[in-house]
Amino acid sequence: MNIGIYPGSFDPITYGHLDIIARSSKLFDKLIVAVLTNPRKNALFTVDERIEMIRESVKDFDNIEIESFSGLLVDFARMKKAKAIIKGLRAVSDFEYELQMALMNSKLDNEIETIFIMTSSKYSFLSSSIVKEVSSFGGCVAGLVPPIVEERLRQKFNMK
Ligand code: PNS
């Protein structure tokens, strides 16, 4: 079985992430969406909340699993018998950091390949951080995140 891993913080999931998930799910028998549990990062949503929003957003796919992980991504990938790590690239500005991570991951385990997928241009400006910022000031994020995320953001920021 060909297994791919799509890792991230997903705080929260956006349509940019979902674009990468939809396209990479066609390349693998199974795609694992791996949510990083990182106590050092100041997350808005708990891991359980993030997983719930992802689960709702990918319910129409039949080859996607959602899991949380901590520690090294390559260790988790090896444990899951994944062949590849999937990363989305939005712009040149993503490249340097992603290259560094891909090279370090391949140094740690050269059996696991990193595959980059270019985010669709309509989502190339989108990030979880910008969605949280706009939402925190009452801005509209419809069309940028799934409806469940819109709803959860409204609840977090106590808006109608
Ligand atoms: O959505 P993000 O926050 O950009 O995702 C970053 C993520 C989870 C892919 C990255 O932080 C990661 O892989 N963390 C796990 C720890 C690890 O393996 N670090 C070494 C990578 S070089």
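We count ligands from 1, going down the list as the structure has it; atoms in each ligand are counted the same way.
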Enquirer: How many angstroms lie between CG in Leu18 and CD1 in Ile13, if you round to the nearest 0.5 Å?
Expert: 4.0 Å
Enquirer: Among all protein heavy atoms, pick the one closest to atom 10 (C) of ligand 1 and tell me residue, atom and distance.
Expert: Met101 SD, 4.0 Å
Enquirer: Using 0.5 Å steps for rounding, measure from the OH atom of Tyr97 to the CG atom of Leu89.
Expert: 13.0 Å
Enquirer: Within this structure, what is the CG-CG distance for the pair Leu144 and Leu153, rounded to the nearest 0.5 Å?
Expert: 10.5 Å
Enquirer: Any carboxylate oxygen within less than 4.0 angstrom of a Lys/Arg side-chain nitrogen, looking at Lys132 and Asp11?
Expert: yes
Enquirer: For atom 2 (P) of ligand 1, grab the closest protein heavy atom and report residue, atom and distance to one decimal in Å.
Expert: Ser9 OG, 3.6 Å
Enquirer: Please report whether atom 21 (C) of ligand 1 has a protein non-hydrogen atom at a separation of less than 4.0 Å.
Expert: yes
Enquirer: Backbone or side chain, does any N or O of Asn105 fall under 3.5 Å from an N or O of ligand 1?
Expert: no
Enquirer: Give me the residue, atom name and distance of the protein heavy atom closest to atom 16 (C) of ligand 1.
Expert: Gly71 O, 3.3 Å
Enquirer: Got a protein heavy atom sitting under 4.0 Å from atom 4 (O) of ligand 1?
Expert: no
Enquirer: What protein heavy atom lies closest to atom 11 (O) of ligand 1? Include the residue and the distance to one decimal.
Expert: Leu36 CD2, 4.0 Å
Enquirer: Below 4.0 angstrom from a heavy atom of Lys87, which ligand 1 atoms are there? Numbered from 1 as shown, please.
Expert: 9 (C)
Enquirer: Does any part of the side chain of Phe76, heavy atoms only, come nearer than 4.5 Å to the side chain of Leu72, both counted from C-beta?
Expert: no
Enquirer: At less than 4.0 angstrom from any non-hydrogen atom of Met104, what atoms of ligand 1 do you find?
Expert: 22 (S)
Enquirer: Is the backbone of Thr119 close enough, under 3.5 Å, to the side chain of Asp19 for a donor and an acceptor to pair up by distance?
Expert: no
Enquirer: Output a table of donor-acceptor pairs, distance under 3.5 Å, between side-chain atoms of residues 30-37 and any protein atom two or more places apart or on a different chain; print 'none' if there are none.
Expert:
| unit_1 | atom_1 | unit_2 | atom_2 | d |
| --- | --- | --- | --- | --- |
| Lys30 | NZ | Glu65 | OE2 | 3.4 |
| Thr37 | OG1 | Phe69 | O | 3.3 |

Enquirer: Mind checking whether Gln100 contacts ligand 1 via backbone (N, CA, C, O), side chain (CB onward), both or neither, at a 4.0 Å heavy-atom cut-off?
Expert: neither
Enquirer: Please determine whether a side-chain nitrogen of the Lys or Arg among Lys83 and Glu111 lies less than 4.0 Å from a carboxylate oxygen of the Asp or Glu.
Expert: no
Enquirer: Charged N to carboxylate O below 4.0 Å: is that the case for Glu67 and Lys80?
Expert: yes
Enquirer: Any protein heavy atom at under 4.0 Å, with atom 7 (C) of ligand 1 as the reference point?
Expert: no
Enquirer: Counting non-hydrogen protein atoms only, what is the nearest one to atom 18 (O) of ligand 1? Give residue, atom name and distance.
Expert: Leu73 N, 2.8 Å
Enquirer: Which protein heavy atom lies closest to atom 19 (N) of ligand 1, and at what distance to 0.1 Å?
Expert: Leu72 CD2, 4.0 Å
